[in-house]
Every structure is written in C-alpha cells, then in structure tokens.
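Quick notes on the structure that follows.
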2 protein chains.
Amino acid sequence: MHFSSQATQDRPERTALGGLDAIAGTVSFPRNAEIHSQGGTARHCYRILSGCVRTVKLMEDGRRQVNEFLFPGDWFGFEAEGEFEFAAEAVGPVVLHRYPRPAFDALAAREPAAASWLLGLAAAQLRHARDRMVTLGRRTATERIAGFLSEMAARQPRESGSAVALPMSRGDIADHLGLTIETVCRTLAQMRRDGAIGLSRTSFTIRNRAALQALASATRH
Amino acid sequence: MHFSSQATQDRPERTALGGLDAIAGTVSFPRNAEIHSQGGTARHCYRILSGCVRTVKLMEDGRRQVNEFLFPGDWFGFEAEGEFEFAAEAVGPVVLHRYPRPAFDALAAREPAAASWLLGLAAAQLRHARDRMVTLGRRTATERIAGFLSEMAARQPRESGSAVALPMSRGDIADHLGLTIETVCRTLAQMRRDGAIGLSRTSFTIRNRAALQALASATRH
DNA sequence: CGGTCGGTTGAGCTAGATCAAATCCAGTGG
DNA sequence: CCACTGGATTTGATCTAGCTCAACCGACCG
C-alpha cells in the first residue's frame, strides 16, 4: 500500500508555492468539533499542523463511513467543487492552516508548479482510495485490522518498537474499515492474545511484525 | 452520487487542449484483453472511444476488486506515477486513444488549462471513489445492486424506458460491488420478481424507478 | 463518590458466502 | 439447419464471519 505521499507533500509550500503562506490562516478545533460539514459550501481547503482529522460520510439513517484519517502535513478539502461531499471532524484537538479557495484556486491556475503539485496530491489520494476499495470489498476483518495497524505504524514516524498512537475511537476505526465496534474489539483482543501486538486504549505496539504482516495479507484457504 | 463528470470531461481536448490530438494514437483491444497490467510501467494514459473497460486489482490469492467500469469519453491511467497500481482490461471490444505519458505530462506542466482540467478529472474520480467506499463499507447487497443499476442507467445516454446495456459479466459486477456472483444473480432475480426491473443476460430495463430508488437507499430498521 | 461514556466480552442470529447442481446460450462444426 | 460443447448464469441447500443484542467493566470527571 501507499501512504508515504501524504505526509511529505507539504514541501512545495516552502519552495515553489511560497505564495500559499500569504493566504494561510491558522485555526484550532477541540476534540470532535466539525471543521466543515457534509454538504456545506467549500470555502477553504486545509492542511494539518498538529492533531488528527477524520473525514466522514453520513447516510440518512445514520450509517457512517470514515473515509480517511489525516495527520500533520496532510491536506484535505482541495478536491471539493462547490460543496463538500463529506464532513471533516477533529479526532482530538487539532491546529490547521486554512486556505481560502478563491485564492488557492487562483494560485493553482496561475502557477504550473502549484498545479502539478496539487495534481500529485490528488493522484496520491486517488491511489490510496483505490487500495481501500480492495480492503472494503474483499478483505476479512482480521486483514482489515492488521492492515490498518500497519498503516498507522507506517504513517507515524517514531523509533521502531515504540508505541503507535491510536487517537481515534474504536467506533471511528470500525466506520473506517466497514466493521462494527464489537468486531474491532474482538479482533484486536485476539491479536493481543496471539502475541502479535501490545494494546492499550489509545495506542498499540508491534510485538511480532511478521505475524502482523501475515495477518494483513493472509492467503485465504 | 456523482457520475456525470466522467462522461463529459473530454471537452477540453477539443478546445484548450488541442495539443492532445497531436500526441494521440488509436488502439483496439478484443474482449478480455489486457490494456495494461497491474505493476507494469505507466507509459501511456488512455481515453475510451468505444466499448467498456474495467480496472482491476488482483490480490495474491486471486481475490479481485473491480475499481470501476469506464465508458466512452472516460480517461484512465493519468494518475499513475511510475507503475500502474491496477490492470485495465477490455470488457468487450474497445477502441482507445492512447497518449504517451512524457508528452502528456509535459503538456500538463506547460499549459495551465490542461493542468486544471486534469485536476478536475482527478478530483471527480476521487469523489466517485469516496462514494464507492460508502457502498463497499456500509451498504447491503440489495442497495449495492440497485445503486449500480441506477449508475449504469445514468451513465448510458438513451431514451428513457429503453434497455440499459450490461456489457460486463456477473462476476465483474460481483467483484465491483464486493459480493459473490451468486448474490448478484439472486438479488437481480428478486428485483425482477418484484417488478422493479426487466432483466436479460446483457441488459436490463427499469420497470419501476421509484421502487429501484427505494431499494438503493433503503433506510435500515 | 456516583455518573457517563468508551471499551470489552458473551450468546445467539442472519446476510451473504460457499458448495453443488442444473440450465441456458453463443459459438462451432457437420 | 441442427447437434454439440464449454463457459456463463441461475437456483437450491447449507454454513459461517461478522452483526446484533445485552451485560459488564473501568477510566475519567465534576
């Protein structure tokens, strides 16, 4: 899978896209605050400075899909045209840079470097979204959870063997992976019993990377 | 859901992006031929002139995910960086315009209009991919099938009430919706029995649009 | 110290998968 | 034109991964 791109694509802002600094505003949100709503007018796009954001689609009857978890350096909201197709919510306290869409779009239209950087960003998110379709369409609960833990570990730079933060709730994880809270709990508990991971409410450690990888891509039958 | 964008975004080619014509080659593929392979070097991107293409991800053990079905006017392969993350295959006989990536990328880097058109294309596919995540993560088999039929009907311009082509096999549909062939068959048969659709192997007709819409977005419980 | 809100665990239940036959064509050859 | 053949589709019977319902736990908070 590909996760590398999102965390590293804030670079152009400091080089070819210096113009972005000029239009950025800094905003903060507390835990569970709505940064923008599903269906709301897309007036800004955002880059995360600190904290974790979830993007959420809600069905009329309350079923929920968490499209992605976003971390410092990640951008969101730039692909909306007119209105947001999903809500963005703060998982914990977050600080963001916020860019007004008119100025942002104008910069992309004017600066070829900005446009191509933005295209790369969209392409990376598209590739990531397609990986997730395989997960949601064809993987078992154990594979989904193991893959999710691996992704979290890969996206959080830290010394190997140390704890990986799980800032989001079990419900968020369930709605991200197309499972229920109970299945997430049970599967995590089983992995702990098997010695693959250490587990606490808000973090985990990889005890046996090979076992976790095996679970993430188990060949069926 | 959004499907409109893909079928209409060949327009700039005839206006601001006249340069694309100069680098296009025309190629044909027979039924089930591989247009490009998963993991192959991304030397071209493509636009469909006629026929239907499926983009496919294959897991090591043979589980398959059909990311999308593409129709005349749709583009694919432009978001690959280095190598393709999925294979593209001809559902039936297809004719394509093929664009060498170096020339294509150069045009996008040079022409702001080309870049912004391409960004719109990527953004549309991203929004579509995210709609599909809700389907794959949270919808029932009946909702998936009803939604799929509605999408096919919306994407194939034709006089209302006439038959909608289903050029792809039941297996393709199953792998697109994260179901099995048997579930696809049974669900379609049930909808026919309920009078919502007329059904043949390679097409269907909408007999009762309201009933189909209701099935596509049934409120659970 | 009691309340509340996540999280965990247990006991069935069911939508959809799996396994197993038919059946239906489309294409082929006579 | 018709019989034949192989893959695609349909239908039936059964199984099970993951869901639902329910109870309990435990950390944090005022």
Side-chain angles (χ1 to χ4, degrees), chain A residues 30-32 54 59 61-66 89 91-93 135-148 165-193 197-204 215 218 220-221, chain B residues 30-32 54 59 61-66 89 91-93 135-146 148 165-194 197-204 215 218 220-221:
Chain A
R31 178 175 137 84
N32 288 330
R54 61 176 179 262
M59 292 173 64
D61 61 359
R63 278 176 285 174
R64 205 175 74 131
Q65 176 69 35
V66 172
E89 299 167 355
V91 168
T135 296
L136 293 173
R138 286 294 177 229
R139 294 184 128 92
T140 65
T142 302
E143 290 169 336
R144 294 179 203 206
I145 302 273
F148 174 74
L166 285 179
M168 68 294 289
S169 72
R170 299 290 189 265
D172 287 342
I173 297 173
D175 287 339
H176 184 56
L177 299 176
L179 301 171
T180 59
I181 292 177
E182 294 92 328
T183 299
V184 170
C185 277
R186 275 188 254 272
T187 306
L188 285 171
Q190 186 60 48
M191 287 177 181
R192 179 169 43 72
R193 265 179 255 124
I197 59 170
L199 185 64
S200 85
R201 189 174 296 227
T202 56
S203 75
F204 72 99
L215 289 175
R220 302 243 284 157
H221 285 253
Chain B
R31 179 174 137 83
N32 288 331
R54 61 176 178 262
M59 292 174 62
D61 61 0
R63 277 177 286 172
R64 204 175 74 130
Q65 176 69 34
V66 173
E89 299 166 355
V91 168
T135 296
L136 293 174
R138 287 294 177 229
R139 294 183 127 93
T140 65
T142 302
E143 290 169 335
R144 293 179 204 206
I145 302 272
F148 173 73
L166 285 180
M168 68 294 290
S169 71
R170 299 290 188 267
D172 287 342
I173 298 173
D175 287 338
H176 184 56
L177 299 176
L179 301 171
T180 59
I181 291 177
E182 292 92 327
T183 298
V184 170
C185 277
R186 275 188 254 272
T187 307
L188 285 171
Q190 186 60 48
M191 288 176 180
R192 179 169 43 72
R193 265 179 255 123
D194 294 347
I197 60 171
L199 185 63
S200 83
R201 189 176 295 231
T202 56
S203 74
F204 72 99
L215 290 175
R220 304 241 284 158
H221 285 252

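Order of the sequence lines fixes the chain letters, A, B, ..., with proteins taken first and strands second; residue numbering starts at 1 for each chain.
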C:dG6, OP1 or OP2 - any side-chain N/O from A:Ser169 closer than 4.0 Å? no

Expressed as a whole number of angstroms, how long is the span from [X]:[atom1] to [N]:[atom2]?
{"X": "B:Ile181", "N": "C:dG16", "atom1": "CD1", "atom2": "C1'", "value": "14 Å"}
{"X": "B:Met191", "N": "D:dT10", "atom1": "CE", "atom2": "C1'", "value": "16 Å"}
{"X": "A:Leu199", "N": "C:dT9", "atom1": "CG", "atom2": "C1'", "value": "14 Å"}
{"X": "B:Leu136", "N": "C:dG16", "atom1": "CG", "atom2": "P", "value": "13 Å"}
{"X": "A:Ile173", "N": "C:dG6", "atom1": "CD1", "atom2": "P", "value": "14 Å"}
{"X": "A:Glu143", "N": "D:dA17", "atom1": "CD", "atom2": "P", "value": "13 Å"}
{"X": "A:Arg64", "N": "D:dC19", "atom1": "CZ", "atom2": "P", "value": "15 Å"}
{"X": "A:Glu182", "N": "D:dC21", "atom1": "CD", "atom2": "P", "value": "10 Å"}

Closer to the 5' end of DNA chain D via nearest nucleotide, is it A:Thr183 or A:Arg201? A:Thr183

Categorize B:Thr180 for me: base, sugar-phosphate, or nothing, with a 4.0 angstrom heavy-atom threshold over every strand shown. base

Distance-only, no hydrogens or angles: does the [X] side chain make a donor-acceptor pair with backbone N or O of [Y] under 3.5 Å?
{"X": "A:Arg54", "Y": "A:Asn32", "answer": "no"}
{"X": "A:Arg64", "Y": "A:Asp175", "answer": "no"}
{"X": "A:Arg63", "Y": "B:Arg138", "answer": "yes"}

Does any donor-acceptor pair link the side chain of [X] with the base of [N] at a separation under 3.5 Å?
{"X": "A:Arg186", "N": "C:dG7", "answer": "no"}
{"X": "B:Arg144", "N": "C:dG16", "answer": "no"}
{"X": "B:Arg170", "N": "D:dT11", "answer": "no"}
{"X": "B:Arg192", "N": "D:dT11", "answer": "no"}

Taking every non-hydrogen atom, the tightest pair across A:Ser203 and A:Ala165: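 Residues A:Ser203 and A:Ala165, closest heavy atoms: CB-CA, 4.1 Å.
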
Can you work out whether A:Arg138 or A:Ser200 has the more 5'-proximal nearest nucleotide on DNA chain C?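 The residue mapped nearer the 5' terminus is A:Ser200.
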
Separation between CG of A:Leu215 and CE of A:Met191, rounded to the nearest 0.5 Å: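 Answer rounded to 0.5 Å: 5.0 Å.
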
